[in-house]
Amino acid sequence: MERFEGRCWLDWWANSSINFGGIEISVVITPTETGWDAHGQLISDLSDDDREGFIFLCDMSPVFTLRFRNGSTVEVTVTPTDDDRFTLTEYTGPADIQVDYRIDV
């Protein structure tokens, strides 16, 4: 793989049929000896609600689907760094992820 730099989407799936949200990102992916290295940032013209929703989903579970313009996907773990930036690593855990989140009202 050559270096990839472009826009993609991070989708957060509750299950196989419910996508809680997709957010457009700018990402740079470079090959390494052991796989690949990726970092990205949220697109600058997103609303504060979009940003807050992204952080909320990261807090629930950092596993997202990275979706490219051609429709191909890869499961990734998102690790926020600072501001609207983050790193991505390939998710290699179980297919079913248990999310336990309680909202007290």
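To the nearest 0.5 Å, atom CD1 of residue I23 and atom SG of residue C58 are 9.0 Å apart. The NE2 atom of H39 sits 10.0 Å away from the CZ atom of F86 when rounded to the nearest 0.5 Å. Distance check: R7 CZ to R67 CZ gives 13.5 Å after rounding to the nearest 0.5 Å. Between E5 atom CD and S26 atom OG the span is 6.5 Å, to the nearest 0.5 Å.
Legend: residues meeting side chain to side chain contact (heavy atoms under 4.5 Å, CB included) with T65, ordered by chain and number and at least two apart, are D11, W13, T73, E75. Remark: D49 engages S47, E52 in a side chain to side chain contact (heavy atoms under 4.5 Å, CB included) (not counting sequence neighbours).
Within the 4.5 Å cutoff, the side chain of V76 has no heavy atoms near those of the Y91 side chain.
For the residue pair W36 and L88, the shortest heavy atom distance occurs at CZ3-O, 3.8 Å. Minimum heavy-atom separation, F68 to C8: CD2-SG, 3.4 Å. Nearest heavy atoms, R51 versus I43: NH2-O, 3.5 Å. Annotation for A38 and I29: closest pair CB-CG1, 3.8 Å, computed over non-hydrogen atoms.
Distance alone, capped at 3.5 Å, places no donor-acceptor pair between the R85 side chain and the P80 backbone. Here the side chain of W12 pairs a donor or acceptor atom with the backbone of S61 at under 3.5 angstrom.
A side-chain contact (heavy atoms from CB on, under 4.5 Å) with T87 is found for exactly one of T77, T81, V78, D37, namely T81.
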Item checked: Verdict with reasoning, L42 to D50, per side chain to side chain contact (heavy atoms under 4.5 Å, CB included) -> CA-CA 9 Å; L42 301 178; D50 289 334; over 6 Å; no
Next item on the list: Output, in order, the C-alpha distance, side-chain angles, deciding distance and verdict of side chain to side chain contact (heavy atoms under 4.5 Å, CB included) for Q41 and I25.
Entry: CA-CA 6 Å; Q41 66 183 43; I25 63 166; over 6 Å; no
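Note: the hydrophobic cluster containing L66 does not contain V28 (ILVMFWY, side chain heavy atoms under 4.5 Å, direct or indirect links). Side-chain heavy atoms closer than 4.5 Å link hydrophobic residues (I, L, V, M, F, W, Y) into clusters, and following such links, even through other members, never connects I18 to W9.
Checked against the 6.0 Å centroid threshold, F64 and F54 count as a close aromatic pair.
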